[in-house]
Amino acid sequence: RNRPTGITATERELNGLKSIGANALWLAAPFVAVGAVWELWARFGSFPPKLFPSLITVADTFVRLAISGVLWAATEATLVRLVLGFVLAAVVGVIVGILMGRYQWVEDLLVPIVSIGYPIPGLAYAPLFVLWFGLGDLPAILLVAVASTFVVIINTWKGVRAVNPIWIRAAESMGARDRQLFRLVILPAALPYVLTGLRLGLAQAWRILVAVEMLMSVSRGLGWMIFGAQEFLATDVMLSSIAAIGFIGVLLEKQVFERLERYTLVRWGMMTSTDSLP
């Protein structure tokens, strides 16, 4: 008898494993290349080990700080400030953006303010916030909120303005009230823009927070660790803190925004799944 030409389940599983392995190798290749260059320069370059430690030293320091609890305490303090500042920015930014997109008079009133405030770097407000609120957590949280609010406002506003007017007129012709129109038509249609604004706002908040922690004399945090390690030439501690910042950023991207997109936009058929989540 002739053998069946179809692919068996085992062959499909092997092909899937090969594909996953190939993708993993492709993703790991840039990191391996950068790590190899770093290690060669650390061993044979012109910098002393104190200023340019090897990856083994950095990994050892990272593990030591994690086991001792120092890294976890700093990370917890930074995340608390990040969450409080970003939630404030998200709430204000989304509400203001929706009002600008729905009402012309609000748009005419706020567009000049947003246009002026958006290009100003968040750190430019730092001296002013220190004079107003002193040092510590409060000015750091408020500065993070102010720095990330404008990008949320702009993207939400653009998203509401980009809603197809035909959809709105169709819903109104079927008797939809303002609340139903917003919940069933405007918000789902504008959600891709809103999520983009929130994603960019979180990245903006994350970047400025680390710098703010160096300026606001906070009691602890990842930025505080980097600034303190600089005074003692503890480059391995600085790099460990920077690695923690990168890990947290990727984790927030993958576990917050990609999941949110999967359970909203992908489910509603507004975008295709990237299969980036387990």
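- When all heavy atoms of Thr78 and Gly221 are compared, the closest pair comes out as OG1-CA, 3.3 Å.
- Atom CZ of Phe227 has 12 or fewer neighbouring heavy atoms from other residues, nucleotides or ligands inside a 6.0 Å radius.
- In terms of hydrophobic clustering, with Ile, Leu, Val, Met, Phe, Trp and Tyr side chains grouped at heavy-atom distances under 4.5 Å, Val63 and Ile56 are assigned to different clusters.
- Taken from OG1 in Thr156 to CD1 in Ile98, the straight-line distance is 6.5 Å, to the nearest 0.5 Å.
- Here the side chain of Glu39 pairs a donor or acceptor atom with the backbone of Leu55 at under 3.5 angstrom.
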Give every donor-acceptor pair under 3.5 Å between a side-chain atom in residues 128-154 and any protein atom, sequence neighbours left out.
residue : atom : partner : partner atom : Å
Asp137  : OD1  : Arg81   : NE           : 2.7
Asp137  : OD1  : Arg81   : NH2          : 3.0
Ser148  : OG   : Val144  : O            : 2.8
Thr149  : OG1  : Ala145  : O            : 2.4

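- At a threshold of 4.5 Å between side-chain heavy atoms, the hydrophobic network of Ile, Leu, Val, Met, Phe, Trp and Tyr places Leu84 and Leu209 in two separate groups.
- Of the inter-residue distances, the one linking Phe232 atom CZ with Lys50 atom NZ reads 10.5 Å to the nearest 0.5 angstrom.
- Atom CD1 of residue Ile67 and atom CZ of residue Phe62 lie 11.0 Å apart, to the nearest 0.5 angstrom.
- In this structure the side chain of Leu71 never reaches within 4.5 angstrom of the side chain of Ser240, judged on heavy atoms.
- Of all the heavy atoms in Ala90 and Leu198, the pair that sits closest is CB-CD2, 3.6 Å.
- Using a 4.0 Å cut-off between charged side-chain N and carboxylate O, Glu213 and Arg220 make no salt bridge.
- Residues Trp72 and Leu65 have side chains not in contact (no heavy-atom distance under 4.5 Å, counting atoms from C-beta outward).
- Follow the hydrophobic side-chain contacts under 4.5 Å out from Leu51 and you never reach Val37; the two are in separate clusters.
- The shortest non-hydrogen separation linking Tyr193 to Ala162 is OH-CB, 3.8 Å.
- Val80 and Val212 sit in two unconnected hydrophobic clusters of ILVMFWY residues. Membership requires side-chain heavy atoms under 4.5 Å apart, directly or through other members.
- Classification of the Trp41-Phe52 ring pair by plane angle, with boundaries at 30° and 60°, yields perpendicular.
- Here the options are Val96, Val114, Val111, the test is side chain to side chain contact (heavy atoms under 4.5 Å, CB included), and the partner is Trp157; only Val111 passes.
- At distances below 3.5 Å, not a single donor-acceptor pair connects side-chain atoms of Thr61 with backbone N or O atoms of Asp236.
- Linking Ile, Leu, Val, Met, Phe, Trp and Tyr whenever their side-chain heavy atoms come within less than 4.5 Å leaves Phe47 and Val34 in two separate clusters.
- For the atom pair OH (Tyr103) and CG (Leu109), the distance works out to 15.0 Å, reported to the nearest 0.5 Å.
- Side-chain contact between Pro49 and Thr57 is absent, with no heavy-atom pair separated by less than 4.5 Å.
- In this structure, the side chains of Met225 and Met238 stay at 4.5 Å or more apart for every pair of heavy atoms.
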message = Please evaluate residues Val160 and Met100 with respect to the criterion side chain to side chain contact (heavy atoms under 4.5 Å, CB included), reporting the C-alpha separation (whole Å), side-chain torsions for both, the decisive distance (0.1 Å), and the verdict.
response = CA-CA 8 Å; Val160 175; Met100 289 176 61; over 6 Å; no
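- Ile248 is listed as a side-chain neighbour of Thr75, based on a closest heavy-atom distance under 4.5 Å.
- Remark: Ile245 engages Trp206, Val210, Leu222, Ile226 in a side chain to side chain contact (heavy atoms under 4.5 Å, CB included) (not counting sequence neighbours).
- For the atom pair Arg102 CZ and Arg161 CZ, the distance stands at 10.0 Å (nearest 0.5 Å).
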